[in-house]
Amino acid sequence: MPEKLYTPQTIEAKWQKLWHESGMDIANGDAADTRETYYCLEMFPYPSGNLHMGHVRNYCLGDAVARYKRMQGFNVLHPIGWDAFGLPAENAAIKHGKPPAEWTYANIEQMSVQLKRLGLSYDWSREIATCKPEYYRWEQWLFTKLMEKGLAYRKEAEVNWCEPCHTVLANEQVEDGVCWRCDTPVHKKNLAQWFIKITDYADELLNDLDQLKGWPDKVVGMQRNWIGKSSGAEVSFQIEDSDEVLDIFTTRPDTLMGVTYMAVAAAHPLAIKAAENNAELAAFLEECSMISTKEADVATMEKKGMPLGVNAIHPVTGELVPVWVANFVLMSYGTGAVMSVPAHDERDYDFAKKYSLNIKQVITNAAGDADVSEAAFTDAGVLINSGEFDGLKSNKAKKAMTYWLNTNNKGEERTQFRLRDWLVSRQRYWGTPIPVIHCDDCGTVAVPEADLPVVLPEHLQPTGGASPLADCEEFVNTTCPTCGKAAKRETDTFDTFMESSWYMNRYTSVNCDTAMLDANSMAKWSPVDQYIGGVEHAVLHLLYARFYHRLMRDVGLFDGEKVGSEPFKNLLTQGMVLLDGTKMSKSKGNTVDPKDHY
Ligand code: ANZ
Ligand code: ZN
């Protein structure tokens, strides 16, 4: 019965035409349409050139959901677009000698054809390409609002620098100390960078995870760890024969009486000062600065340190404890310094053994026979060798110790987050220009709303070194919006996670050219009922999108009461498509193109 065979060339063409003519894919934004709405979204693709089977799986899942909901009578929003800025376009541009814009637009063209051929039921009238000024102008606008609110700021920061790529790398882009892209060892460098204060929202982003009943527990857990809230105390140790104070953060104030040395990060001011007249120490600090400070690496690398030749005074006993510099102390966490309690912390224990430092036990178990001669005893327990605190259980002792420190002006309760502010500037060409002008007299000035967007010139040719944007005089040279004198544009562009952090909201309002969002459209469609995408985005993309949604709420773009604070109600994370056990990706060159199987 050959006529019953599935022949895509005829069957798909026939039905796709009918679907298209019926307009069934179009989401109806009219207020008059009172059908219940349903918003189904798949993570939008990077226009790399061709669809691969990973895309196909992702998009077929979304398509099935969207069709099912339409059949149930919902007014369905199922949009598609392009996460169109980013490094691969620059790399391709270098390889083929064509501007990234040309490559990107050609790929969008080709992939649109492929998506359409698959018969996926998208509302193409809402297509977004993030590299278009009508999209990124609103990102620039929001950034200037954040500058006004003090939520966006510029600061010198130690960054991971890759010389061949001539760019700053995110920690996640450093794999085993080398650049993810070119395998060159990464080194530290200080640069003025733009940040967004996600840390102001850390508590809210953490607490609201409890609302996400429709998310996989695993993803919620990963977000929770990433935000990483720790409760403890900050304790001040006076430095001997000096006015200086060494502040530390600890989650175990109950172990305070067991401190036998202090450890500071290589970049800590106390270490830098001590190295001024100690060449050996200076060399060690230099060595530390070359090494990755990714937490995972810090946890496994060999512990090394040197004494600074300085003592701290124990705040309770007045005893002197030596201050060391240690390669496992991160400058970017807490105060960049720790009180070391080798009897009850494994890391401190190994370090104390290696350098023959004292080990003093101050916690024991219920039976009173915990022993630290072979290893640290890291559990909570009962205090011993702790004077007036003896006999208290760890939990009570934490409170008692913190209270004592507080009343004696030597410390206080403190909460610490692992989450850092979001570094959003990149020294790249193919991205959204940061809407800022540098004036010799007025400093850093936001581009006024009336002058937005700052349009990225699309004809520039990257060569592999510094960004061609920085060399483009017609872009760089401008006048100061405040004083009118000659001034220079910022030539850094945004991290491309910026564009993907708010596209889900823009889909509700694609045709709105007077604001980033239309409040009514947001109220109609948002939050996304079902979000579908790769589990590799479980942390950063989803966290940034949750954050951005709140930023948009807090500049008054939509009513938080009506829309809610979470952009994605339900989340489906599919695993990665593997080929012979390896992730299928364009960069690995092992993708399977659906057209080869059509
Ligand atoms: C003394 C102590 C005794 C500690 C003990 C632990 C166990 P989380 O849970 O990740 O917040 N620490 C603080 N700042 C640090 C830094 N910049 N780099 C490396 N380590 C740092 O970990 C908090 C604990 O990590 C703190 O509590 C501190 O060591 C260490 F039995 O203080 B603790
Ligand atoms: Zn000026």
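Whatever order the structure lists them in is the order used to number ligands and atoms, beginning at 1.
Note on ring orientation: taking the six-membered ring where Trp is involved, the planes of Tyr548 and Trp502 are parallel (angle under 30°, cut-offs 30° and 60°). Between Trp324 and Tyr355, the angle of the ring planes lies from 30° to 60°, which puts this pair in the tilted group. Relative ring orientation between Tyr503 and His541 is described as tilted, the plane-to-plane angle lying within the 30° to 60° band.
Atom CG of Asp217 has 12 or fewer neighbouring heavy atoms from other residues, nucleotides or ligands inside a 6.0 Å radius. Within 6.0 Å of CD on Glu280 lie no more than 12 heavy atoms contributed by other residues, nucleotides or ligands. Lys149 NZ: more than 12 foreign heavy atoms inside a 6.0 Å radius.
Annotation for ligand 1: atoms under 4.0 Å from non-hydrogen atoms of Ser230 are 8 (P), 9 (O), 11 (O). Ligand 1 places these atoms under 4.0 Å from at least one heavy atom of Val329: 16 (C), 17 (N), 18 (N), 19 (C). If you number the atoms of ligand 1 from 1 as listed, the ones under 4.0 Å from a heavy atom of Phe249 come out as 11 (O), 13 (C), 26 (C), 28 (C). Listed by number with element, the atoms of ligand 1 under 4.0 angstrom from any heavy atom of Thr251 are 9 (O), 11 (O), 23 (C), 24 (C), 26 (C), 27 (O). Per-residue contacts place Met339 under 4.0 angstrom from the following atoms of ligand 1 (heavy atoms of the residue considered): 1 (C), 32 (O). Atoms of ligand 1 found under 4.0 Å from any heavy atom of His344, numbered from 1 in the order shown, are 5 (C), 31 (F).
Heavy atoms of Val338 found under 4.0 angstrom from ligand 1 belong exclusively to the side chain. Neither the backbone nor the side chain of Lys229 comes within contact range of ligand 1; no heavy atom lies under 4.0 Å. No part of Gln416 comes within 4.0 Å of ligand 1, judged by heavy-atom distances.
No N or O atom of Asp345 sits closer than 3.5 Å to an N or O atom of ligand 1. The distance criterion of under 3.5 Å between nitrogen or oxygen atoms is met by Arg347 with respect to ligand 1.
With values rounded to the nearest 0.5 angstrom, Phe547 atom CZ is found 5.0 Å from Ile198 atom CD1.
Distances from atom 11 (O) of ligand 1 to the heavy atoms of Phe377, Tyr333, Tyr349 show the closest one on Tyr333. Around atom 18 (N) of ligand 1, the closest heavy atom drawn from Thr255, Asp254, Leu330 belongs to Leu330.
For the pair Lys155 and Phe195, the cation-pi test (distance below 6.0 Å, angle within 45°) is passed.
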Ignoring hydrogens and angles, write down the donor-acceptor pairs under 3.5 Å from the side chains of residues 257-272, residues two or more places apart or on other chains.
| residue | atom | partner | partner atom | Å |
| --- | --- | --- | --- | --- |
| Thr260 | OG1 | Asn358 | O | 2.7 |
| Tyr261 | OH | Asp348 | O | 2.9 |
| His268 | ND1 | Leu270 | N | 3.1 |

